Amino acid sequence: MFTVGDKVLYPMHGAAVIRDVEQKVIDGRQIDYFVFDMLLSNMKVMVPAGNVEKVGIRPIVDKSVMPKVEEVLKARPENRMKRITWNRRYNMYIDKMKTGSIFEVADVVRTLAVQEEDKKLSTGERRLLSTAKQILLSEVMLVESVDEEKSEAWLEKFI
């Protein structure tokens, strides 16, 4: 389980640091809540300790994983996505991001960035690219111990 000070990734929201564990009484039962400080927003998120796995919260990846993430970003996506309607592609990207896997998020960033070079993205896909980048960048910031500007410079080398 997690403790105060742990660095974690909350799928679809990004990297966070566990600031506190608070107890709340709900329906007469005392429940522990993890309090997360989200890295790239001023958002405070509280998740019941018993729901952490269900939500998909995981520790941030180890620095040794970063070369593999870079490989995903360098690779070129298959052209098969062009034959799929934008809304089906959008749902596929959302499903990948919900896994919380840094590799899946990097794949979404790479694929959408390449598509953006080829043709205009739909509004939803453009927003999704922005969200995926923020999730990836927030984790890179914690893994590499860098600020947002340096993590953005790192990403720009690959897309």
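It should be emphasised that the depicted structure is a prediction, and the values quoted were computed from it without experimental measurement.
- Within the 4.5 Å cutoff, the side chain of Asp6 has no heavy atoms near those of the Val17 side chain.
- Between Ile159 and Lys157 the shortest side-chain heavy-atom distance does not fall below 4.5 Å.
- Looking at Glu148 and Glu152, their side chains come closer than 4.5 Å, going by heavy atoms from C-beta outward.
- The two residues Pro11 and Gly100 make their nearest non-hydrogen contact at CG-CA, 3.8 Å.
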Start with the C-alpha distance between Tyr33 and Ile26, add both sets of side-chain angles, then the distance that settles side chain to side chain contact (heavy atoms under 4.5 Å, CB included), and finish with yes or no. CA-CA 11 Å; Tyr33 280 81; Ile26 298 177; 3.0 Å; yes

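- Ion pairing of Lys24 with Glu22 is present here, as a side-chain N (NZ or NE/NH1/NH2) and a carboxylate O approach within less than 4.0 Å.
- Of all non-hydrogen atoms in Leu9 and Ala15, the two that sit nearest each other are CD1-N, 3.8 Å.
- Side-chain atoms of Ser41 never come within 3.5 Å of backbone atoms of Met38 as a donor-acceptor pair (strictly under, hydrogens ignored).
- Rounding to the nearest 0.5 Å places CE of Met12 at 10.0 Å from OG1 of Thr99.
- Val143 and Leu155 fall within a single hydrophobic cluster, where Ile, Leu, Val, Met, Phe, Trp and Tyr side chains are chained together by heavy-atom contacts under 4.5 Å.
- Scanning both residues, Met97 and Thr131, for their nearest heavy atoms gives CE-CG2, 3.9 Å.
- Linking Ile, Leu, Val, Met, Phe, Trp and Tyr whenever their side-chain heavy atoms come within less than 4.5 Å puts Val105 and Phe158 in one cluster.
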Could you walk me through whether Val108 and Met92 pass the side chain to side chain contact (heavy atoms under 4.5 Å, CB included) test, one step at a time? CA-CA 9 Å; Val108 170; Met92 289 169 60; over 6 Å; no

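- Atom CD of Gln30 is surrounded by more than 12 heavy atoms from other residues, nucleotides or ligands within 6.0 Å.
- Interatomic distance, OG1 of Thr111 versus NZ of Lys96, reported as 5.5 Å (0.5 Å rounding).
- The only option from Arg58, Lys133, Lys63, Lys7 that meets the salt bridge (charged side-chain N to carboxylate O under 4.0 Å, His left out) definition with Glu139 turns out to be Arg58.
- For the pair Gln23/Ile31, no side-chain contact is recorded, criterion being any heavy-atom separation below 4.5 Å from C-beta on.
- Minimum heavy-atom separation, Gly124 to Tyr90: O-CE1, 3.4 Å.
- In this structure the side chain of Tyr93 reaches within 4.5 angstrom of the side chain of Glu125, judged on heavy atoms.
- His13 and Tyr10 have perpendicular rings, their planes meeting at more than 60° on a 0 to 90° scale where under 30° would count as parallel.
- Between atom CG of residue Asp20 and atom CE of residue Met46 there is a gap of 8.5 Å, rounded to the nearest 0.5 Å.
- Leu40 is listed as a side-chain neighbour of Met141, based on a closest heavy-atom distance under 4.5 Å.
- Annotation for Arg29: atom CZ does not count as buried by contact number, only 12 or fewer foreign heavy atoms lying within 6.0 Å.
- A distance-only check finds a donor-acceptor pair linking the side chain of Asp62 to the backbone of Ser64 [under 3.5 Å].
- Scanning both residues, Leu73 and Arg110, for their nearest heavy atoms gives O-CG, 3.4 Å.
- A distance of 9.0 Å separates CZ in Arg88 from CG in Asn91, rounded to the nearest 0.5 Å.
- For the pair Val8 and Ile60, the minimum side-chain heavy-atom distance is 4.5 Å or more.
- Connection of Val55 to Met1 is established within a shared hydrophobic cluster, with ILVMFWY side chains joined at heavy-atom distances below 4.5 Å, either directly or through further cluster members.
- At least one donor-acceptor pair under 3.5 Å links the side chain of Ser138 to the backbone N or O of Ile135.
- In this structure the side chain of Glu70 reaches within 4.5 angstrom of the side chain of Trp154, judged on heavy atoms.
- Residues Val69 and Val146 fall into different hydrophobic clusters, defined by Ile, Leu, Val, Met, Phe, Trp and Tyr side chains chained together at heavy-atom separations under 4.5 Å.
- Side-chain atoms of Asp147 come within 3.5 Å of backbone N or O of Lys150 as a donor-acceptor pair.
- In this structure, Lys44 does not pair ionically with Asp37, as no charged nitrogen and carboxylate oxygen lie closer than 4.0 Å.
- More than 12 heavy atoms of other shown residues, nucleotides or ligands fall within 6.0 angstrom of atom CZ in Arg126.
- Clustering ILVMFWY residues whenever any of their side-chain heavy atoms sit less than 4.5 angstrom apart, transitively, puts Val35 in a cluster other than the one holding Phe2.
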Decide side chain to side chain contact (heavy atoms under 4.5 Å, CB included) for Ile57 and Phe34; before the verdict, give the C-alpha distance in whole Å, the side-chain angles of both, and the deciding distance to 0.1 Å. CA-CA 11 Å; Ile57 295 170; Phe34 285 109; over 6 Å; no

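- Closest of all the heavy-atom pairs between Ala16 and Leu142 is O-CD1, 3.9 Å.
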